[in-house]
*Asks:* 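Below are the structure tokens for one structure; questions will follow.
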Amino acid sequence: MTTTAPSVLVAGGGIGGIAAALGLARQGFAVTVLEQAAALGEIGAGIQLGPNAFHALDQLGVGAAALEGAVYIDKLVLMDGISGERVVELPVDAPFRRRFGNPYAVTHRADLHRCLLDACRENPRVWLLTRQKVVRHERNGAGVRVFTEAGQVFDADALVGADGINSRIREQVVGDGPPRVSGHIAYRAVLPIEQMPEELRWNAATLWAGPKWHLVHYPLRGWKLFNIVCTFHGERTTQGAGEKGSRDEVLARFQELCAKPRAILDSLTEWRYWVLCDRDPVAYWSDGPVTLLGDAAHPMLQYFAQGACQAMEDAVCLSHLAAAHRGDFAAAFQAYQRQRVVHTARVQISARLIGDYIYHPSGVGRQVRNAVFGAKTPEQLYDGLQWIYGGSGLPGGAGAAVG
Ligand SMILES: Cc1cc2nc3c(=O)[nH]c(=O)nc-3n(C[C@H](O)[C@H](O)[C@H](O)COP(=O)(O)OP(=O)(O)OC[C@H]3O[C@@H](n4cnc5c(N)ncnc54)[C@H](O)[C@@H]3O)c2cc1C
């Protein structure tokens, strides 16, 4: 197929890459996604999406579709995992939705990815290629040339590296070496609703916090499943994603967890684990017609539940600015970087702080957490979250147009 529209290559077909492809195609660009895997898809686990994710999905034209499969929870609950006391609740019901203009919802990753993918498949300006592992790129006149492991070569006017935390594109643009291995381990599983203890079938994203560990649960897929994530400070020094986990390790690490939520762990036998990695924020990630997005640009610990939300905001920002600069990608990518670096760096840093001071403190730090958050009103909590839940990736917040 031939096209006269400016062309963009997107390396990586995760949530960020597919969102970027959709955003760019909706702005009139011809987009080719190069994904290393044999098939496009996501892992079988849940994901929390703040209102900012839905603002971004609205901008991408798939907000309603994304909400179809999602569960609208009523609250986010922080429990003291040792004493079992409720520390604080953040209501995310009707007043929250009115305040932020969209819900806080939980969904299945595969459902979210599929709704972005379906919209790409319906768009004649998107080409989706699998088994295409990008290994390097070089400048080609005003454009860019990309080389794959299998020896194929792709030329385009611009390149977006959405190839995740170990990005090959980042290696050449930023060159800051491998990610930081935090050693924190997240064990994930999904539990059929019948196996979830009845007294914990809450319509909430619930987090049981303990010293250097926490457990999260929330309902998924029309209440057929519960998503379970157990995170603790481990000793592993190498990366790992989706490895088969050991039930004994989880039970040993969560011995101090109070009885009610411990019953969840007793009934689970199948676990997969991820070794959590991030990077220190950087001030630049664009080089001429090449830029980065999502985890390739600003990988973060999961503790703010914002990695994918920020990747989708990036996609909105990038595609609007590419259109506003009429395909002058070098200028557009500098503007995108100016717009996104401080915001996403703040999320990266906040994610680390949330882990240290809210989810994992012990001793007097735990008491401080319980006292400070126990005293907060919903309005105070909402005010503290405006900077993140009010965003969509567009300058000026959710509804603003790019100037
Ligand atoms: C335990 C856990 C819980 C989380 N919970 C949440 C949450 O609740 N809410 C939230 O918003 N975020 C959450 N996150 C973060 C979120 O999962 C990520 O930030 C998000 O998926 C990043 O998307 P991405 O598209 O940038 O990168 P990825 O999802 O890493 O996608 C990168 C894609 O690029 C492909 N690729 C890699 N290298 C190459 C190459 N060389 N050539 C071609 N293709 C390549 C990969 O196969 C993959 O498809 C969580 C993360 C973890 C670990």
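Just follow the structure's listing: the first ligand is 1, and inside any ligand the first atom is 1.
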*Asks:* Is there a heavy atom of Gln132 sitting under 4.0 angstrom from any atom of ligand 1?
*Replies:*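 Contact present.
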*Asks:* Look at atom 36 (N) of ligand 1 and find which of Glu149, Arg168, Gln36 reaches it with the closest heavy atom.
*Replies:*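 The residue whose heavy atom sits nearest atom 36 (N) of ligand 1 is Gln36.
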*Asks:* Closest by any non-hydrogen atom to atom 31 (O) of ligand 1: pick that one out of Gly242, Gly16, Gly14.
*Replies:*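 Of the listed residues, Gly14 has the closest heavy atom.
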*Asks:* When you measure from atom 18 (C) of ligand 1 to each heavy atom in Ile185, Ile165, Asp295, Leu292, which option holds the nearest one?
*Replies:*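 Comparing heavy atoms across Ile185, Ile165, Asp295, Leu292, the nearest one to atom 18 (C) of ligand 1 lies in Asp295.
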*Asks:* May I ask which of Arg109, Gln306, Met300 has a heavy atom nearer to atom 14 (N) of ligand 1 than the others do?
*Replies:*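 Shortest heavy-atom distance from atom 14 (N) of ligand 1: Arg109.
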*Asks:* By the definition ring pair (Phe, Tyr, Trp, His ring centres under 6.0 Å), identify the one residue from Tyr359, Tyr187, Trp208, Phe254 that meets it with Trp213.
*Replies:*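 It is Phe254, the one option of Tyr359, Tyr187, Trp208, Phe254 that forms the ring pair (Phe, Tyr, Trp, His ring centres under 6.0 Å) with Trp213.
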*Asks:* Does CZ belonging to Arg131 count more than 12 external heavy atoms closer than 6.0 Å?
*Replies:*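 No - once you tally the heavy atoms of other residues, nucleotides and ligands closer than 6.0 Å, there are 12 at most.
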*Asks:* Determine whether the side chain, the backbone, both or neither of Ser167 has a heavy atom under 4.0 Å from any heavy atom of ligand 1.
*Replies:*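 Looking at Ser167 and ligand 1, no heavy atom falls under 4.0 Å.
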*Asks:* If you round to the nearest 0.5 Å, how far is SG of Cys258 from CE of Met79?
*Replies:*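 Going from CE on Met79 over to SG on Cys258, the span is 7.0 Å.
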*Asks:* Any cation-pi pair here, Arg236 with Tyr273, using under 6.0 Å and within 45°?
*Replies:*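 Geometry flag: set, cation within 6.0 Å and 45°.
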*Asks:* Honestly, is Arg86 close enough over Trp202, meaning NZ or CZ under 6.0 Å from the six-membered ring centre and within 45° of the axis?
*Replies:*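 The answer is yes; both the distance and angle limits are met.
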*Asks:* Nearest heavy atom to atom 42 (N) of ligand 1 wins, so pick from Val134, Leu276, Val106.
*Replies:*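 It is Val134 whose heavy atom sits nearest to atom 42 (N) of ligand 1.
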